[in-house]
**Student:** 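Here it is: the structure, laid out below.
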There are 2 protein chains.
Amino acid sequence: MGSNRRDDLGAYVRNPESFPKDVIYQNEEFVAIRDKFPKSSLHLLLLPRDRIKMRKHPFEAFKDAEFLEKVKVEAGKLQKLAASELRRMYGKDSAQEKVRQAALDAHPPPDELPAGRDWVKEIKCGVHAVPSMNDLHIHVIAVDHYSERMKHRKHYNSFATPFFVPLEDFPLKSDDSRWHPEREGYLRRDLVCWRCGRNFGNSFEKLKTHLWKEFGEWKKI
Amino acid sequence: MGSNRRDDLGAYVRNPESFPKDVIYQNEEFVAIRDKFPKSSLHLLLLPRDRIKMRKHPFEAFKDAEFLEKVKVEAGKLQKLAASELRRMYGKDSAQEKVRQAALDAHPPPDELPAGRDWVKEIKCGVHAVPSMNDLHIHVIAVDHYSERMKHRKHYNSFATPFFVPLEDFPLKSDDSRWHPEREGYLRRDLVCWRCGRNFGNSFEKLKTHLWKEFGEWKKI
DNA sequence: TATTCCGATAGTGAC
DNA sequence: GTCACTATCGGAATGAG
Ligand SMILES: Nc1ncnc2c1ncn2[C@@H]1O[C@H](COP(=O)(O)O)[C@@H](O)[C@H]1O
Ligand SMILES: Nc1ncnc2c1ncn2[C@@H]1O[C@H](COP(=O)(O)O)[C@@H](O)[C@H]1O
Ligand SMILES: [Zn+2]
Ligand SMILES: [Zn+2]
């Protein structure tokens, strides 16, 4: 009966104060944490605390429209928080941020302040069509996939194919092919760069090297 | 432009006396040797010595009916010789041979002596649809595929699929699919036990373990 | 052809 | 499609004078 790692996320929900380094915030309905094995340079998880819902498959849990709406709202908040963190991390490298900073530093500053980079766009929120961890969790993750912990094809394709289902796509229509992800073989697909579309076939290490280069350019936008 | 290993069989033909351990016999037209990397417990090669023919692809060389006939005759001789060797190797394990031996030892011996095992049936003669070694050679090989040198799928499938073309199938008809072996993907096929037909998919090591068991039973027939 | 190197793939066990 | 460990599988390069 197995207590194995697949149930480890439950501990954050039951006992968030035991993980001060990992828990970003908590409230009555959610706990937000840092993913322990991040698949991008920033990777957070939103964990609903409802005892019933948290043991359901996300597709099942999100059939409850009211619950789905609460999750979307909370994920939106966490996404903004994550965007702020991206700004702190990469703002100094970003061309768009430099333009804004230059305007701020100008004497006198211009009437219209450039907006700076929209980091929210660089973060995706969603679930895996077949989660491996048993407790309901929503990924809030930067698009870069620049991480040493991203170690194989399934790691990558679980975020880079329709296997990753964005929160905004819920509720799924009844004919959506993502209801039957195994048939679709999403995780077996060729490895394709999320940024330039280059196809790396089965060559994970080559993709990873390439993603390192893409990361260097992406943070500088 | 190369002198590489693919030409190594030529040395046996040009200079058979240099390989006394490997050469089984020689005459004006052929040299018979032991395969240096045997893919069965007994694996011989018949090498035609004709300077022109020996540099041709077997399908091309065998278009010459007279030559083909000579090869068939010589291969038949070598096959019988190999059968004798199999009898020496496994006769003591063979049930059919034991019956014959018991009859021989009886007092008085019966009028009809049991034939003993037909070892010729356990030896196949033929060529690979796409040989890797450049000098013409005909495999004379026991069916067992019990050998440490059989190390990967292509080794096995080159003898266990239509990639192996028995001598008796020549001349090939013009519509024979073996004229175009690449298209057929013979070497990529699932691994299937020659004896019981069990399918091992891509699991070469599991097949090999199984072949060890089959060998133990096969020699006892 | 064989050998070697490296990387991709597949199965397992985890309390 | 948890991670971590192992064994196996698979392609690519090599080679010679
Ligand atoms: N103990 C853990 N603490 C935090 N995150 C984890 C832990 N174990 C696994 N994860 C993450 O949980 C996520 C599960 O993803 P999935 O079940 O495929 O939707 C992965 O991103 C893992 O990196
Ligand atoms: N130097 C060698 N001496 C004897 N046999 C060899 C040598 N090199 C390779 N072989 C065998 O030659 C055969 C070539 O098979 P193929 O070219 O695929 O028909 C294989 O069975 C090898 O084991
Ligand atoms: Zn790219
Ligand atoms: Zn079998």
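Letters A, B, ... mirror the listed sequences (proteins, then strands); counts begin at 1.
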**Student:** With nearest nucleotide decided by heavy atoms, which residue, B/L191 or B/R5, maps closer to the 5′ end of DNA chain D?
**Tutor:** B/L191

**Student:** With a non-hydrogen cut-off below 4.0 angstrom, is B/K151 in contact with a base, only sugar-phosphate, or nothing?
**Tutor:** sugar-phosphate

**Student:** How many whole angstroms separate atom CG of A/D35 from atom C1' of D/dC3?
**Tutor:** 12 Å

**Student:** Do the side-chain N or O atoms of A/R149 get closer than 4.0 angstrom to the phosphate oxygens (OP1, OP2) of D/dA4?
**Tutor:** yes

**Student:** Side chain of A/E205 only, please: which of C/dG7, D/dT8, D/dC3 is the nearest?
**Tutor:** C/dG7

**Student:** Please work out if A/Y186 contacts a base, only the sugar-phosphate, or nothing of the nucleic acid, heavy-atom cut-off 4.0 Å.
**Tutor:** nothing

**Student:** Any side-chain donor-acceptor pair under 3.5 Å between B/W119 and B/Q79?
**Tutor:** no

**Student:** Identify the nucleotide, in any strand shown, that forms a Watson-Crick or G-U wobble pair with C/dC15, with both distances under 3.5 Å; if there is none, say none.
**Tutor:** none

**Student:** Examine the side chains of B/Y156 and B/T161 and answer whether a donor and an acceptor come within less than 3.5 Å of each other.
**Tutor:** no

**Student:** Calculate the interatomic distance between A/L187 atom CG and C/dA8 atom C1'; express it in whole Å.
**Tutor:** 15 Å

**Student:** If you measure from the C1' atom in D/dG17 to the same atom in C/dT4, how many Å do you get, rounded?
**Tutor:** 23 Å

**Student:** Any ion pair linking B/K208 and B/E205 (charged N to carboxylate O, less than 4.0 Å)?
**Tutor:** no

**Student:** On DNA chain C, does the nearest nucleotide to B/M133 precede the nearest nucleotide to B/K206 from the 5' side, or the other way round? Give the residue.
**Tutor:** B/M133

**Student:** Rounding to a whole Å, what distance do you find between B/N157:CG and D/dC9:P?
**Tutor:** 13 Å

**Student:** Output yes when at least one side-chain N/O atom of B/R153 is less than 4.0 Å from OP1 or OP2 of D/dG10, else no.
**Tutor:** yes

**Student:** Donor-acceptor pair, distance only, cut-off 3.5 Å: does the side chain of A/R49 make one with the backbone of A/V31?
**Tutor:** no

**Student:** Take B/N202 and B/K154, find for each the nucleotide of DNA chain C with the closest heavy atom, and name the residue whose nucleotide sits nearer the 5' end.
**Tutor:** B/K154

**Student:** Taking all non-hydrogen atoms of both residues into account, name the closest pair between B/H210 and B/R198 and its distance.
**Tutor:** ND1-NH1, 4.0 Å

**Student:** Taking CG from B/D7 and P from D/dA16, how many angstroms apart are they, rounded to a whole number?
**Tutor:** 13 Å

**Student:** Verify the contact: side-chain N or O of A/H152 to OP1 or OP2 of C/dA10, cut-off strictly under 4.0 Å; return yes or no.
**Tutor:** no

**Student:** So what does B/K39 touch, heavy atoms closer than 4.0 Å: a base, only the sugar-phosphate, or nothing?
**Tutor:** sugar-phosphate

**Student:** Any donor-acceptor pair under 3.5 Å linking the side-chain atoms of B/E184 with those of B/H180?
**Tutor:** no

**Student:** Choosing from D/dC9, D/dT2, D/dC3, which nucleotide comes nearest the side chain of A/R6?
**Tutor:** D/dT2

**Student:** Between C1' on C/dG7 and CZ on A/F204, what's the gap in Å once rounded to a whole number?
**Tutor:** 11 Å

**Student:** Could you tell me how far apart B/D8 (CG) and D/dG15 (C1') are, to the nearest whole angstrom?
**Tutor:** 11 Å

**Student:** Starting at atom CZ of A/R188, determine the distance to atom P of C/dA8, rounded to an integer number of angstrom.
**Tutor:** 15 Å

**Student:** C/dA2, C/dA14, C/dA8: which one has an atom nearest the side-chain heavy atoms of A/S203?
**Tutor:** C/dA8

**Student:** Rounded to whole Å, how long is the line connecting atom CZ of A/R189 with atom P of C/dA8?
**Tutor:** 20 Å

**Student:** From C/dA8, D/dC9, C/dA2, pick the nucleotide closest to the side chain of B/H155?
**Tutor:** C/dA2

